[in-house]
Amino acid sequence: MAEEQDDSQKTEDPTSRRLDEARKRGQVANSREINNLLMLTVFSLSVLLFGGTAAGAIYKSTMPFIESPDLIPTDFGHLVEIGWQLLGALLIAGIIPLVLALAAAVGAGYLQFGLIFSAESITPKFSKISPLGGLKRMFSMRSLAEFVRGLLKIAVVASVALFLIVPEVVHFHKLIGMEMIQLLSEVRGLLARLMIGVVAIVAAIATLDVIYQRMQHLREMRMSRQEIKDEFKETEGDPLVKGRLRQLRMERTRRRMMAQVPQSDVVVTNPTHYAVALKYDPGTMSAPKMMAKGVDKIAEKIREIAKEHGIPVIENPPLARGLYAAVEVDQEVTPEFYKAVAELISYIFRLKGRRL
């Protein structure tokens, strides 16, 4: 019951991290119909391209049995030798289509989802070898659906094959008087038409199956909102922890600013809500630098430290607001404030008897 409730809560699309983790475990949208399609396509092309050579080899091996069967030795040793020769001829004729079909079966997975190395899919699990678990899988709704889909697929392919073969049945009587090489050529042509039709219908089935498997995979990978929140905490960090870290960074920045206020040359205020501390050293700076800034309580603290260390406090609300909004701590003032700040610094330096 709890499991059904959990499944009903999984209403959100899977995140990219969820899909990546599933891929590492070997859980991907895998369509077996793509394997069947590629194997059938490669096998069909092999028959069409190398069928003539294979037919010639079969013809050469079987003609002695048709033309002069009386000359064939019938003792056990010769019969075994003839059997190996026929088997070798058949293997040579079919080895290329077989190898290419196997290569297509291996490459089908790569074409669908690339290379995947996962030991989890082959790790022994009790649920996989449990008789009870096996019975549950055999008689599950998913197994029933797969069985019905398999029957429908066989019915469709068989219907297409019959549709292509039945019109040719009326011409089969012509094959009786043909030479073996002509007979093999006719059979090859009929087989080619049959394979082309079957490959076309299997391609349509594979296309639908790929769409179905991907939708099914995404459905199985769905997440609940709580799972998405937990994943966000793992990847981005717990919001409470992030808030605490942000608070600690702000406190460190504030302490560093307050330590720099005594090194300033002037503090510009709003007069109560804003305060910025500026410093200018003509020998090392190209422009005055922001040493500290703050509003409300921080501004009040900056003013207190400035008074304690004899730093001039000048009221200039427009300049204080502008500098606070445009300049960060430890940065030089921007060009639009050069004139106003220069006049202020010049005034302070004259009071202190310093030269610019």
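Every value quoted in this text rests on a predicted model; they were computed, and no experiment measured them.
Residue Lys339 holds its NZ atom at 13.0 Å from CG of Leu319, rounded to the nearest 0.5 Å. One distance of note links CD of Glu332 with CG of Leu278; it measures 11.5 Å at 0.5 Å rounding. The OG1 atom of Thr272 sits 8.0 Å away from the CG atom of Asp296 when rounded to the nearest 0.5 Å. The CD atom of Glu304 lies 12.0 Å from the NZ atom of Lys297; values are rounded to the nearest 0.5 Å. To the nearest 0.5 Å, the span separating CD1 on Ile345 from CD1 on Ile314 amounts to 10.0 Å. Rounded to the nearest 0.5 angstrom, Ile201 CD1 and Ile196 CD1 are separated by 14.5 Å.
For the pair Lys279 (side chain) and Gln263 (backbone), a donor-acceptor distance under 3.5 Å is present. For Arg303 (side chain) and Val267 (main-chain N/O), no donor-acceptor pair under 3.5 Å exists by modelled atom type. No side-chain donor-acceptor contact under 3.5 Å links Glu33 to the backbone of Ile205. With hydrogens and angles disregarded, a donor-acceptor distance shorter than 3.5 Å links the side chain of Asp281 to the backbone of Gly283.
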Subject >> Worked verdict on Gln216 versus Arg219 for side-chain contact (heavy atoms from CB on, under 4.5 Å) >> reply: CA-CA 5 Å; Gln216 182 70 16; Arg219 190 179 298 114; 2.6 Å; yes
Subject >> Criterion side-chain contact (heavy atoms from CB on, under 4.5 Å) on Leu19 and His217, from CA distance to verdict >> reply: CA-CA 10 Å; Leu19 294 175; His217 179 65; 4.2 Å; yes
Original post:
What do the steps show when you test Lys301 against Arg254 for side-chain contact (heavy atoms from CB on, under 4.5 Å), and what is the final call?
Top reply: CA-CA 10 Å; Lys301 186 66 175 177; Arg254 190 177 306 148; over 6 Å; no
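When side chains are defined from C-beta on, Gln247 counts as touching Glu251, because their heavy atoms get closer than 4.5 Å. In this structure the side chain of Leu323 never reaches within 4.5 angstrom of the side chain of Tyr274, judged on heavy atoms. Looking at Asn316 and Leu344, their side chains never come closer than 4.5 Å, going by heavy atoms from C-beta outward. You'll find the side chain of Met258 reaches within 4.5 Å of the side chain of Ile298, heavy atoms only.
Salt bridge Arg256/Asp330: present, at least one basic N to carboxylate O contact under 4.0 Å.
Counting heavy atoms of neighbouring residues, nucleotides and ligands inside a 6.0 Å radius, atom CE of Met285 exceeds 12 of them. The environment of NE2 in His273 is sparse: at most 12 heavy-atom neighbours from other residues, nucleotides or ligands sit within 6.0 Å. Enclosure of atom OH in Tyr338 by more than 12 non-hydrogen atoms of other residues, nucleotides or ligands within 6.0 angstrom is indicated.
Linking Ile, Leu, Val, Met, Phe, Trp and Tyr residues whenever their side-chain heavy atoms come within less than 4.5 Å leaves Val157 and Leu208 in two separate clusters. Two different hydrophobic clusters hold Ile211 and Leu37 under the rule that ILVMFWY side chains link at heavy-atom gaps under 4.5 Å. Cluster annotation: Met221 and Val210 are assigned to distinct hydrophobic clusters (Ile/Leu/Val/Met/Phe/Trp/Tyr, side-chain heavy-atom contacts under 4.5 Å, transitive). When hydrophobic clusters are built by joining Ile, Leu, Val, Met, Phe, Trp and Tyr residues whose side-chain heavy atoms come closer than 4.5 Å, directly or via intermediates, Ile154 is not grouped with Val160. When hydrophobic clusters are built by joining Ile, Leu, Val, Met, Phe, Trp and Tyr residues whose side-chain heavy atoms come closer than 4.5 Å, directly or via intermediates, Tyr212 is not grouped with Ile34.
The one candidate from Val261, Val313, Ile311, Thr269 that meets the side-chain contact (heavy atoms from CB on, under 4.5 Å) condition with Ile302 is Val261.
Of all heavy-atom pairs spanning Tyr280 and Ser286, the tightest one is CE1-C, 4.3 Å. Shortest non-hydrogen contact noted between Ala326 and Phe337 is CB-CE1, 3.7 Å. When every heavy atom of Met223 is checked against every heavy atom of Pro14, the shortest pair comes out as SD-CA, 3.9 Å. Between Pro312 and Ile348, the shortest heavy-atom distance links the atoms CB-CD1, 3.7 Å. Summarising the geometry of Val329 relative to Met291, their closest heavy-atom pair is CG1-O, 3.6 Å, with the distance given to 0.1 Å. Closest of all the heavy-atom pairs between Met290 and Val276 is SD-CB, 3.7 Å.
By the side chain to side chain donor-acceptor pair (under 3.5 Å) test, Ser16 pairs with no residue at all, sequence neighbours left out. Applying the salt bridge (Lys or Arg N to Asp or Glu O under 4.0 Å) criterion to Lys307, with sequence neighbours excluded, gives no partner residue.
A donor-acceptor pair shorter than 3.5 Å can be found between the side chains of Thr334 and Glu336.
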